[in-house]
Amino acid sequence: MKFNLFICTILIISSIGCSSSDENNESPTDNNPKNIMFIGGTNEYYAINSQNGQLKWVFSVLNGRFQYSTAFYNNNVLYVGCTDSYLYAIDASKGTLLWKFKTNEAIESSVYVYNNTVFFGSDDDNFYALNAATGELKWKYTAGFNVSSSPVVSGDIVYFASDDGYVYALEQGSGALKWKYYTGSIFNSSSSSIVGNNLYIGNRNGNIYNINKNTGQLNWEKQLGSSVEYSSPTILDGYLYVTDKNALYKIDAVTGNIIWQSYNSGNYSSSPFVNENYITVNSSSGNLTVIDKQTGNTKWQKTIYSNSAEAVSTDGTVFIGGGGSNYVYAFSENDGTEKWRFPMKAVTTSAPVIINKDGKVVYPSKSGGRD
């Protein structure tokens, strides 16, 4: 879907809501940040202490929404797209603007940063590569329609999908086309996951594709029950996890055979987040559900009206925006006990990006930065 261009002015509100006596908060000059959640909503992008839910800073724009694009953290800079057509580079410690780059339409694609280059797509049908330090354009590639699917870099190639029905592989240094693969339908927010030489991605036509990342040749495709355009596959321990409208699937990543599927009467509406033990996913009916990875059985469920926001789970905690209830939440992954909630002026939120207690950046499933 294309959006009208938003003309915005930038208001910066930095380092508010912080307490210097809070041992979990990092100082603005800390080069090894920990315990931070980054998350976007309507007009505002937030940094929140992930241990206690206290606000660190908020970055504001006049007319724009941050709920589609997942940010990327690199060298204390947060890169994120907005529906006002700008890609923003924000100081991750202070919440102040470093630079911004204007496209011609809304940015729904998540961001990927590699080799001092910021990669992302826009609803203006272009895929962009910018200098990460300055925001200057290195190159752009024009696809046949919106680029709201998120990029990932593997080796010398950057991969993304467009709503023209193609998966693209471009030389990351020049933007030259290496190959493209046609599926016949749109990808929307389903984004590529790469393991070894295999690229996995879902499509509105209900198929999951396994494509050779080097040649663009199809290894296999698997028809599921309905559209997979809102779910990005996650590969872990040889299995692929993905949702369509009605079910969560565990699929053998080598053969494409379904191991199990878990139905949901409330309709799944996000990518699953998968870790060592559990799968976290939400539904259109407003339920956040944590599922046993081995059996597909529900461990616990909460109604938070997440409005298709994706979750991230780390440090034994599930982090997710509940825009329909105007809060961001942190729940115990083990039993669903609420640890904290933070009020947001947004009916929808982005997927969170977490710097956990060990200083590791944890990305949601739709981001190319995920493990």
CD1 of Ile211 to OG of Ser192, rounded to nearest 0.5 Å, is 7.5 Å
Which heavy atom of Asp292 sits nearest to which heavy atom of Thr295, and what is that distance?
OD1-N, 3.0 Å
Quick one: do Lys293 and Asp237 make a salt bridge, cutoff under 4.0 Å?
yes
Same apolar cluster (I L V M F W Y, side chains within < 4.5 Å links), Tyr249/Tyr239
no
Classify the ring geometry between Phe342 and Tyr46 as parallel (under 30°), tilted (30 to 60°) or perpendicular (over 60°).
perpendicular
Verdict with supporting geometry, Tyr128 and Phe101, ring pair (Phe, Tyr, Trp, His ring centres under 6.0 Å)
CA-CA 10 Å; Tyr128 293 87; Phe101 177 89; 5.5 Å; yes
What distance do Met344 atom CE and Leu55 atom CG have between them, rounded to the nearest 0.5 Å?
10.0 Å
Asn116 CG: over 12 foreign heavy atoms closer than 6.0 Å
yes
Evaluate side-chain contact (heavy atoms from CB on, under 4.5 Å) for Val228 paired with Asn203, printing each intermediate quantity in order.
CA-CA 5 Å; Val228 197; Asn203 192 271; 5.9 Å; no
Run the salt bridge (Lys or Arg N to Asp or Glu O under 4.0 Å) test against Lys140 and tell me which residues pass, sequence neighbours left out.
none
Glu333 and Asn275: side-chain donor and acceptor closer than 3.5 Å?
yes
Take Thr103 and Ser122 through the side chain to side chain donor-acceptor pair (under 3.5 Å) test and state the conclusion after the steps.
CA-CA 7 Å; Thr103 69; Ser122 171; 3.2 Å; yes
If you take all heavy atoms of Met37 and Ile354, which pair is closest and at what distance?
CB-CD1, 3.6 Å
Between Ser332 and Asn334, is the side chain to side chain donor-acceptor pair (under 3.5 Å) condition met? List the steps.
CA-CA 5 Å; Ser332 166; Asn334 182 57; 5.1 Å; no
What about Val77 and Tyr363, same hydrophobic cluster or not, with Ile/Leu/Val/Met/Phe/Trp/Tyr joined at side-chain heavy-atom distances under 4.5 Å?
yes
Please report the shortest heavy-atom distance between Asp315 and Gln51, naming the atom on each side.
OD2-NE2, 4.4 Å
Heavy-atom closest pair (Gly121 atom, Ile107 atom, distance to 0.1 Å) is O-CG2, 3.5 Å
Check step by step if side chain to side chain donor-acceptor pair (under 3.5 Å) holds for Tyr209 and Asn207.
CA-CA 6 Å; Tyr209 295 88; Asn207 284 336; 3.3 Å; yes
Under 3.5 Å donor-acceptor pairs involving side-chain atoms of residues 167-174, not counting sequence neighbours:
unit_1: Tyr168; atom_1: OH; unit_2: Asp164; atom_2: OD2; d: 2.5
unit_1: Gln172; atom_1: NE2; unit_2: Gly155; atom_2: O; d: 3.1
unit_1: Ser174; atom_1: OG; unit_2: Ala176; atom_2: N; d: 3.2

Here's a test for you: under ring pair (Phe, Tyr, Trp, His ring centres under 6.0 Å), which of Tyr79, Phe120, Phe38, Tyr112 qualifies with Phe72?
Tyr112
Angle between ring planes, Trp139 versus Phe127, binned at 30° and 60°: parallel, tilted or perpendicular?
tilted
Is any side-chain heavy atom of Ser148 closer than 4.5 Å to one of Asn188?
yes
Which pair of non-hydrogen atoms, one from Ser149 and one from Ser190, has the smallest distance, and what is that distance?
OG-O, 2.6 Å
Over all atoms of both residues, closest heavy-atom pair of Asn326 and Ala346:
ND2-O, 3.1 Å
Spacing of OH belonging to Tyr159 relative to OH belonging to Tyr181, to within rounding of 0.5 Å
15.5 Å
How about Thr215 and Gln217: does a side-chain donor come under 3.5 Å of a side-chain acceptor?
no
Hey, what do you get for OG1 (Thr243) to CG (Leu248), rounding to the nearest 0.5 Å?
7.0 Å
When rounded to the nearest 0.5 angstrom, what distance separates CD in Glu310 from OG in Ser365?
6.0 Å
Side chain to side chain donor-acceptor pair (under 3.5 Å) between Asp252 and Asn257, worked out:
CA-CA 5 Å; Asp252 187 300; Asn257 294 328; 5.9 Å; no
Measuring from Leu97:CG to Tyr86:OH, what's the distance to the nearest 0.5 Å?
10.5 Å
Parallel, tilted or perpendicular: which describes the rings of Tyr329 and Phe331, with under 30° parallel and over 60° perpendicular?
parallel
Ignoring hydrogens and angles, state whether a donor on the side chain of Asn356 or Asp358 is under 3.5 Å from an acceptor on the partner side chain.
no
